[in-house]
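To start, the structure itself, in structure tokens.
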Amino acid sequence: MIRNIVFDMGNVLIHWRPELFVDRPDIPEEDRPALLREVFGSVEWVQLDRGSVSFEEGLAAMCRRLPERLHGAARELAMDWWKHSLLPIEGMADLIRELKGKGYGVYLLSNAKPDLPRYFPLIPGSECFDGRIVSADWKLLKPQHEIYETLFREYGLKPEECFFIDDMVLNVEGARYAGMDGTVFDGDLSRLRRNLREAGIDT
């Protein structure tokens with residue numbers, strides 16, 4: 001029996017669309033491709049998620065590839081993107097609150113940076129979460145087997161009693177390999193609800 005629902009964050013709880021982060025009046029249109037590539041598309045962005053570099057180390061590497069006039073924009077985008085572009089997935093907060101109200105445990109498992117606590121309370125439905133595992137805190141990344149095991153161990157969960165929702169096939173496959181069933185969320189909330197019901201979850 002499923003007792004716990006585990007959510008990814010990007011493209012599950014919030015829209016993750018970096019092109020919107022740079023679509024701002026204070027960033028000239030001709031500079032946006034370079035910022036997208038050297039900030040959000042960089043190796044350092046992934047290293048920050050893994051917790052293998054500090055923000056200062058990662059930013060320094062990004063800035064070395066950018067003209068000096070873009071260093072301030074790169075810093076703000078890397079550290080404060082959420083202040084401009086925290087866009088919730090429509091209907092997801094209602095689903096989370098519904099599941100919580102029916103007695104399910106609700107958890108977060110996200111590849112994210114250690115600053116997630118700064119903005120997670122701004123995500124609708126975040127008050128329902130019983131716990132969260134953030135990749136940078138553990139120096140792990142989905143779909144590494146160890147990050148799923150960390151979730152189970154830290155919160156005393158049984159894999160077979162958990163159901164995982166992520167937007168990436170590899171991450172859901174990683175969850176299944178760790179003993180937790182799951183589904184890929186493609187933005188269609190009605191399909192997600194149907195998949196939950198098929199897994200025996202009351203929605």
Side-chain angles (χ1 to χ4, degrees), residues 7-93 108-126 132-144 147 164-174 183-189 191-192:
F7 291 85
D8 176 36
M9 183 174 62
N11 288 329
V12 175
L13 302 183
I14 59 173
H15 291 280
W16 181 254
R17 296 171 61 188
E19 67 274 11
L20 296 181
F21 305 165
V22 301
D23 186 12
R24 291 163 37 184
D26 58 325
I27 299 178
E29 189 171 350
E30 61 269 21
D31 290 331
R32 295 172 188 175
L35 287 166
L36 275 174
R37 181 181 65 251
E38 303 301 346
V39 177
F40 300 107
S42 68
V43 170
E44 292 81 23
W45 190 258
V46 178
Q47 290 176 324
L48 286 166
D49 275 355
R50 186 187 289 277
S52 57
V53 298
S54 68
F55 265 112
E56 290 306 318
E57 291 168 331
L59 280 166
M62 294 173 188
C63 288
R64 282 195 292 271
R65 299 189 297 269
L66 290 166
E68 187 173 355
R69 61 187 172 79
L70 295 182
H71 289 185
R75 172 175 288 273
E76 184 182 3
L77 286 168
M79 301 188 72
D80 295 324
W81 60 268
W82 52 273
K83 291 183 178 179
H84 302 279
S85 304
L86 193 69
L87 304 174
I89 298 287
E90 299 77 4
M92 190 59 76
L108 180 79
L109 178 59
S110 179
N111 285 352
K113 295 158 189 59
D115 65 341
L116 181 138
R118 296 174 64 203
Y119 59 85
F120 190 67
L122 302 176
I123 299 174
S126 61
R132 60 192 183 214
I133 296 295
V134 178
S135 59
D137 294 340
W138 299 93
K139 294 183 168 45
L140 296 168
L141 285 175
K142 293 177 296 181
Q144 287 180 265
I147 197 167
F164 184 47
I165 302 167
D166 196 288
D167 66 314
M168 297 184 65
V169 173
L170 278 176
N171 293 341
V172 174
E173 176 60 20
T183 190
V184 176
F185 179 59
D186 62 0
D188 188 330
L189 194 60
R191 181 181 295 125
L192 173 60

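In this text, all values refer to a predicted model and were calculated from it rather than measured experimentally.
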Does [X] use its side chain to pair, donor to acceptor, with the backbone of [Y] at less than 3.5 Å?
X: S135; Y: A112; result: yes
X: K142; Y: L109; result: yes
X: R37; Y: R32; result: no
X: S85; Y: W82; result: no
X: N11; Y: W16; result: yes
X: H15; Y: L86; result: no
X: E38; Y: L35; result: no
X: E76; Y: A73; result: no

| said: Nearest 0.5 Å, please: how far is SG in C63 from CD in E68? | reply: 9.5 Å
| message | Using the rule given for ring-ring contact (aromatic ring centres under 6.0 Å, His included), can you reason through W81 versus Y119, listing the C-alpha separation, both sets of side-chain angles and the distance that settles it, and then say yes or no? | response | CA-CA 10 Å; W81 60 268; Y119 59 85; 5.1 Å; yes
Show the nearest heavy-atom pair for residues [X] and [Y], with the distance to one decimal.
X: V134; Y: L116; result: CG2-CD2, 4.2 Å
X: V22; Y: I27; result: O-CB, 3.8 Å
X: L59; Y: A74; result: CD2-O, 3.8 Å
X: F7; Y: M92; result: CE2-SD, 3.8 Å
X: A136; Y: L48; result: CB-O, 3.5 Å
X: N171; Y: F164; result: O-CE2, 3.7 Å

| task | Before giving the answer on side-chain contact (heavy atoms from CB on, under 4.5 Å), spell out for I14 and M9 the whole-Å C-alpha distance, their side-chain angles and the decisive distance to 0.1 Å. | result | CA-CA 6 Å; I14 59 173; M9 183 174 62; 4.1 Å; yes
Any non-hydrogen side-chain atom of [X] less than 4.5 Å from a side-chain atom of [Y]?
X: V46; Y: L141; result: yes
X: M62; Y: W45; result: yes
X: I133; Y: L108; result: no
X: F21; Y: H84; result: no
X: P117; Y: R132; result: yes
X: R191; Y: D186; result: yes
X: R65; Y: E44; result: yes

| Does K113 come within less than 4.0 Å of D115, counting only side-chain N to carboxylate O? |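 No, K113 and D115 are not salt-bridged.
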| query | Would you say R118 has more than 12 foreign heavy atoms packed within less than 6.0 Å of its CZ? | reply |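 Buried by this count: over 12 neighbours within 6.0 Å.
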| message | Is it true that, when you exclude E29 itself, more than 12 heavy atoms of the residues, nucleotides or ligands shown sit nearer than 6.0 Å to its CD? | response | no
| note | With sequence neighbours left out, the residues meeting salt bridge (Lys or Arg N to Asp or Glu O under 4.0 Å) with R75 are E56
